[in-house]
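Working notes for the structure below.
Numbers here are sequence positions counted from 1.
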Amino acid sequence: MSPYGNGNLSAIPLQEFVLDGFQTQALLFALFLALYVVVILGNLTMIVVITLDARLHSPMYFFLKNLSFVDLCYSSVIYPKALTNFFTSSKVITFAGCATQFFFFSMVGTTEAFLLAVMAYDRFVAICSPLHYPISMHPSVCARLALGTYCGGCLNSILQTSFTFSLPFCSSNHIDHFFCDVPPLLKLACADTTINELVMFGLCGLIIVGTILVVLTSYGYITVTILKMRSGGGRHKLFSTCGSHMTAVSIYYGTVFVMYAQPGAVASMEQGKVVSVFYTLVIPMLNPLIYSLRNEEVKDALRRLGQKHTAT
């Protein structure tokens, strides 16, 4: 329920919001800037390496390249504006700009959840049905699966954006966050936000639970299949590859669940800021490291690319 804040119950058409997420701090700005640069370099490196190295032209790396693209977009939707706001006094974002930022933020966030589930399904088919893998994960099938993740993200984003920005907002236009997100926006509403909170909880809960079930089911079968293998080296290689994905999945779903898929998610804005930094900046920075440091094929491709660059 919205608190009908600030002693003013009249709804007025707002033309802009003010993002009050963080106070101006040079150290915090430097930290965010450094992390964002690492996000850009890490994910662009993964995209370039997978694109240029023919040995990585497989379904697993096709989806990993899409994950790097989504992570790059995830941070870029938010942090250029957030970094600019550190050294501007107004910290203003227009109503349309806020809605646009939220739409793309919600879209890429949901797309990543679906994409992680598709990546788990890809590993399930590759390990549990290797003879059917070339047909089951044909390039055209992979393209449709990837497109489906973006369409699913877009559909959820349309619903979330429509419900949120159709609310009447009170005279206070100060958002207690560093970007436009549902929980702080609901605090400004001059109407009962119970339905909005239930929609957010229901959609996010459905997406998280549904995709987690796909991931857990896939890795349940994968674990059984790997344990049946006689080759210790083969088991180690497969556990290493799957371990990278499970690490990324656990970190991402854990933070998103804390923020959106629990009834009290909108209660603590301070907690929300910290968690938001983690899944919009830290995770996109960690994913390229997780998949490259634990993956011999990616490390070999990086070495080949470096040697080719040195030779020229």
Would you sort out whether Val118 and Cys142 count as a side chain to side chain contact (heavy atoms under 4.5 Å, CB included), showing the intermediate values? CA-CA 9 Å; Val118 169; Cys142 293; over 6 Å; no
Atom pairs and distances, donor-acceptor, side-chain atoms in residues 202-217, under 3.5 Å, two or more places apart:
from: Thr211; atom 1: OG1; to: Ile207; atom 2: O; distance (Å): 2.6
from: Thr211; atom 1: OG1; to: Ile208; atom 2: O; distance (Å): 3.2
from: Thr211; atom 1: OG1; to: Tyr253; atom 2: OH; distance (Å): 2.9
from: Thr217; atom 1: OG1; to: Leu213; atom 2: O; distance (Å): 2.7

Nearest heavy-atom approach of Met60 to Glu297 is CE-OE1, 4.2 Å
Examine Phe95 together with Phe17 and report whether their ring centres are nearer than 6.0 Å. yes
State, with a plain yes or no, whether a side-chain heavy atom of Pro80 is found less than 4.5 Å away from one of Tyr36. yes
Heavy-atom neighbours of Tyr133 OH exceed 12 at 6.0 Å: yes
Output the distance between atom NZ (Lys91) and atom CZ (Phe178), rounded to the nearest 0.5 Å. 13.0 Å
Any side-chain to backbone donor/acceptor pair from Asn156 onto Gly152? Under 3.5 Å, distance only. no
Cys128 vs Ile222 side-chain heavy atoms within contact, under 4.5 Å: yes
Answer yes or no: are there more than 12 heavy-atom neighbours, outside His132 itself, under 6.0 Å from its atom NE2? no
If you look at every heavy atom in Phe165 and Ala99, which pair is closest and at what distance? CZ-CA, 3.5 Å
In sequence, state the C-alpha distance, the side-chain angles, and the governing distance for Ile283 and Phe278, and then conclude on side chain to side chain contact (heavy atoms under 4.5 Å, CB included). CA-CA 6 Å; Ile283 290 178; Phe278 198 80; 4.0 Å; yes
Smallest heavy-atom separation, Asp53 atom then Ala301 atom, equals OD2-CB, 3.3 Å
Taken to the nearest 0.5 Å, the spacing of Leu227 CG from Thr223 OG1 works out to 6.5 Å
Counting only heavy atoms from other residues, nucleotides and ligands, does the tally under 6.0 Å from OH of Tyr150 exceed 12? yes
In Å, rounded to the nearest 0.5 Å, how long is the span from CD1 of Ile226 to OH of Tyr221? 15.0 Å
Parallel, tilted or perpendicular, judged at 30° and 60°: which one describes the rings of Phe86 and Phe29? perpendicular
Report the C-alpha separation of Lys273 and His177 in whole Å, then their side-chain angles, then the decisive distance to 0.1 Å, and conclude whether the side chain to side chain contact (heavy atoms under 4.5 Å, CB included) test is met. CA-CA 6 Å; Lys273 293 175 192 177; His177 214 327; 4.0 Å; yes
Got a second to check how far Phe105's CZ is from Asp181's CG, nearest 0.5 Å? 4.5 Å
Go through it in stages, so that I can follow the logic: the residues are Phe102 and Val182, the test is side chain to side chain contact (heavy atoms under 4.5 Å, CB included), and I'd like the CA-CA distance, side-chain angles, deciding distance and then a yes or no. CA-CA 8 Å; Phe102 173 74; Val182 172; 3.2 Å; yes
Closest non-hydrogen contact found for Met285 with Val38 is CG-CG1, 3.3 Å
Determine whether the aromatic ring centres of Phe179 and Tyr79 lie less than 6.0 Å apart. no
Single hit among Ile251, Leu67, Leu64 for side-chain contact (heavy atoms from CB on, under 4.5 Å) with Asn287: Leu67
Closest approach of Val298 to Tyr291 (non-hydrogen atoms, all atoms of both residues): CG2-O, 4.0 Å
Of the non-hydrogen atoms in His174 and Leu188, which two are nearest, and what is the gap between them? O-CD2, 3.4 Å
Residues two or more places apart in sequence or in another chain: which of them pass side chain to side chain contact (heavy atoms under 4.5 Å, CB included) with Phe163? Ile195, Asn196, Val199
